Amino acid sequence: MTKPDEIMDLSQIDHGVFRSFPFLQDHCITCGICSSSCPVSGIDGFDPRKLVRLISLGMKDEAVDSRWPWICTMCGKCQYVCPMDIHIPDLVRAVRSMRERDKVPGILHKGLEAAIRTGNNLGLPKEDFIFILEDVGEEIAEEPGFEGFTVPIDKDGANILTTIHNKLVNTHTEDLKHWWKIFYAAGEDWTVPSDQWEGTNWGLFTGDDQAMKTMVGRIADHMDRLKVKNLLWPE
Amino acid sequence: MVRKSFGDPVAEDLRFVVKTVVGEENFVDMYPNKSNNYCCGGGGGYLQSGFTEARHEYGRMKLNQILATGANYCITPCHNCHAQVHDLSEHYEAGYHTVHLWTIICLALGCLGENERTYLGEDLAEVGL
Ligand code: SF4
Ligand code: SF4
């Protein structure tokens with residue numbers, strides 16, 4: 001029979017490493033219900049039970065360096081079915097946060113850095129943003145039933161503030177039209193901020209709490225400044 | 001939004017909107033649904049992390065759920081879901097169309113412009129023009 005120390009280096013195990021994690025990982029009864037509910041179980045040999053085990057055994061490098069925390073979407077199906085209510089998505093996000101920032105996969109950290117620096121993931125200057133909004137607004141005004149339509153930018157006291165997903169002022173401007181036409185048809189009093197308008201918050205994905213707070217804080221500031229009570233944050 | 005934030009009542013609200021715009025007889029729910037549904041695999045940064053192969057694998061669960069409904073259109077209420085569900089149909093050559101909820105609302109309102117119909121199939125492409 002294979003002995004445990006032939007499978008892994010037992011000296012690596014240290015239950016104390018993740019003691020500060022508040023996700024109840026040590027309560028796992030290894031039932032595997034999470035794994036059978038998870039759409040990504042089996043890919044890269046991943047399943048949530050194994051990740052929970054890795055964390056409770058304190059195997060930090062294995063968890064942080066692997067692709068596992070990034071091929072999970074933090075959808076929460078596993079936690080929904082877990083009899084011990086272990087906070088698996090939060091645990092995954094906390095492991096993501098432990099990656100060096102230049103090793104965060106894909107464009108996630110770069111987009112977030114641009115957003116922190118410029119107010120949006122694209123680094124789109126304010127004048128260009130306003131130009132695009134007004135241009136799309138003029139196209140709508142040419143359609144029957146929308147005569148006189150304009151985009152209410154930075155409108156004081158509007159009922160709804162809406163943020164913008166960067167792709168809507170990049171490759172998908174027609175999606176702006178749908179929202180705005182629905183607002184118009186509903187007689188809604190709405191507005192959009194002229195800068196710091198980014199609707200995505202990739203700090204959520206990269207585990208960067210500070211960045212996430214900055215992005216949320218900007219939206220809260222708009223709400224205060226413009227005295228708007230309702231937020232439509234369609235991401 | 002449903003499982004992690006607002007629960008099933010918000011899923012009911014979404015169904016009310018969808019049934020109102022497409023007609024109750026044209027609505028097919030998927031199984032499982034609401035809080036017990038599966039994620040499409042476009043969330044959590046997947047579309048931006050560059051792990052396309054893993055993302056397609058992840059999405060097979062959603063693909064099979066959609067195919068089991070037999071529906072020609074899948075309505076998605078978020079940008080990430082739309083991108084993923086649309087990509088799944090293309091990648092696996094599944095043949096269904098993927099539309100944003102707001103596109104279908106504008107179609108029902110009769111104000112969906114001619115150049116805003118990229119995601120509609122031939123059967124709906126001319127409706128209300
Ligand atoms: S469902 Fe919960 S208790 Fe069961 S293996 Fe998964 S994390 Fe552990
Ligand atoms: S949160 Fe991650 S581990 Fe849990 S079911 Fe979703 S994809 Fe799987």
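Here the structure is a predicted model, which means the values were calculated and not measured. Below, read A as the first sequence line, B as the second, and so on, with proteins coming before strands; counting in each chain starts at 1.
Scanning both residues, B:S49 and A:L108, for their nearest heavy atoms gives CB-CD1, 4.2 Å. For A:K181 against B:C106, the heavy-atom pair with the smallest separation is CB-SG, 4.2 Å. Looking at every heavy atom in both residues, A:T73 comes nearest to B:G41 through CG2-CA, 3.9 Å. Taking each heavy atom of A:V40 and B:Y46 in turn, the nearest pair found is CG2-OH, 3.8 Å. Closest heavy-atom contact between B:K4 and A:M74: NZ-O, 2.6 Å.
Each of B:G42, B:C78, B:G50, B:G43 has some count of heavy-atom pairs under 4.5 Å with chain A, and the biggest count is that of B:G43. Heavy-atom pairs under 4.5 Å with chain A were tallied for B:M61, B:M1, B:E57; the largest tally goes to B:E57. When A:K167, A:E143, A:E174, A:R67 are compared by the number of non-hydrogen pairs under 4.5 Å with chain B, A:R67 comes out ahead.
With a 6.0 Å radius and a threshold of 12 heavy atoms from other residues, nucleotides or ligands, B:E24 has its CD atom at or below the threshold. Residue A:R99 places its CZ atom among more than 12 non-hydrogen atoms of other residues, nucleotides or ligands, all under 6.0 Å distant. Remark: B:F6 CZ is loosely packed, at most 12 non-hydrogen atoms of other residues, nucleotides or ligands lying under 6.0 Å away. The neighbour count for A:E147 CD, taken as heavy atoms of other residues, nucleotides or ligands under 6.0 Å away, is above 12.
Separating the NE2 atom in B:H82 from the NE2 atom in A:H172 is a distance of 7.5 Å, to the nearest 0.5 Å. Distance check, rounded to the nearest 0.5 Å: CG of B:L101 to CD1 of A:I182 gives 7.5 Å. In this structure, NE2 in A:H165 is found 5.5 Å from CG in B:N80, a value given to the nearest 0.5 Å. Note that CH2 of B:W102 and CZ of A:F183 are 11.0 Å apart. Values are rounded to the nearest 0.5 Å. One finds the CH2 atom of A:W179 at 8.0 Å from the CD1 atom of B:I105 (value rounded to the nearest 0.5 Å). One finds the CD atom of B:Q48 at 11.5 Å from the CH2 atom of A:W70 (value rounded to the nearest 0.5 Å).
In this structure, the side chains of A:D175 and B:E116 stay at 4.5 Å or more apart for every pair of heavy atoms. Looking at A:K177 and B:N115, their side chains come closer than 4.5 Å, going by heavy atoms from C-beta outward.
Looking at A:F146, the atoms closer than 4.5 Å to chain B (heavy atoms on both sides) all sit in the side chain, from C-beta outward. Looking at A:D44, there are no atoms closer than 4.5 Å to chain B (heavy atoms on both sides), in backbone or side chain. Heavy atoms closer than 4.5 Å to chain B are found nowhere in A:R93, neither backbone nor side chain. In this structure, chain A has heavy atoms under 4.5 Å from both the backbone and the side chain of B:H79. At a 4.5 Å heavy-atom cutoff, the contact between A:P89 and chain B is made by side-chain atoms alone. Both the backbone and the side chain of B:C111 come within less than 4.5 Å of a heavy atom of chain A. With a threshold of 4.5 angstrom between heavy atoms, A:L168 approaches chain B through side-chain atoms but not through N, CA, C or O.
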Between B:Y58 and A:I71, does a side-chain contact (heavy atoms from CB on, under 4.5 Å) hold up when you go through it step by step?
CA-CA 8 Å; B:Y58 189 121; A:I71 61 169; over 6 Å; no

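At a heavy-atom cut-off of under 4.5 Å, chain A is reached by B:P32, B:S35, B:N36, B:N37, B:Y38, B:C39 from residues 30-40 of chain B, listed in order of number.
Without hydrogens or angle criteria, B:R3 side chain to A:Y80 main chain gives no donor-acceptor distance under 3.5 Å.
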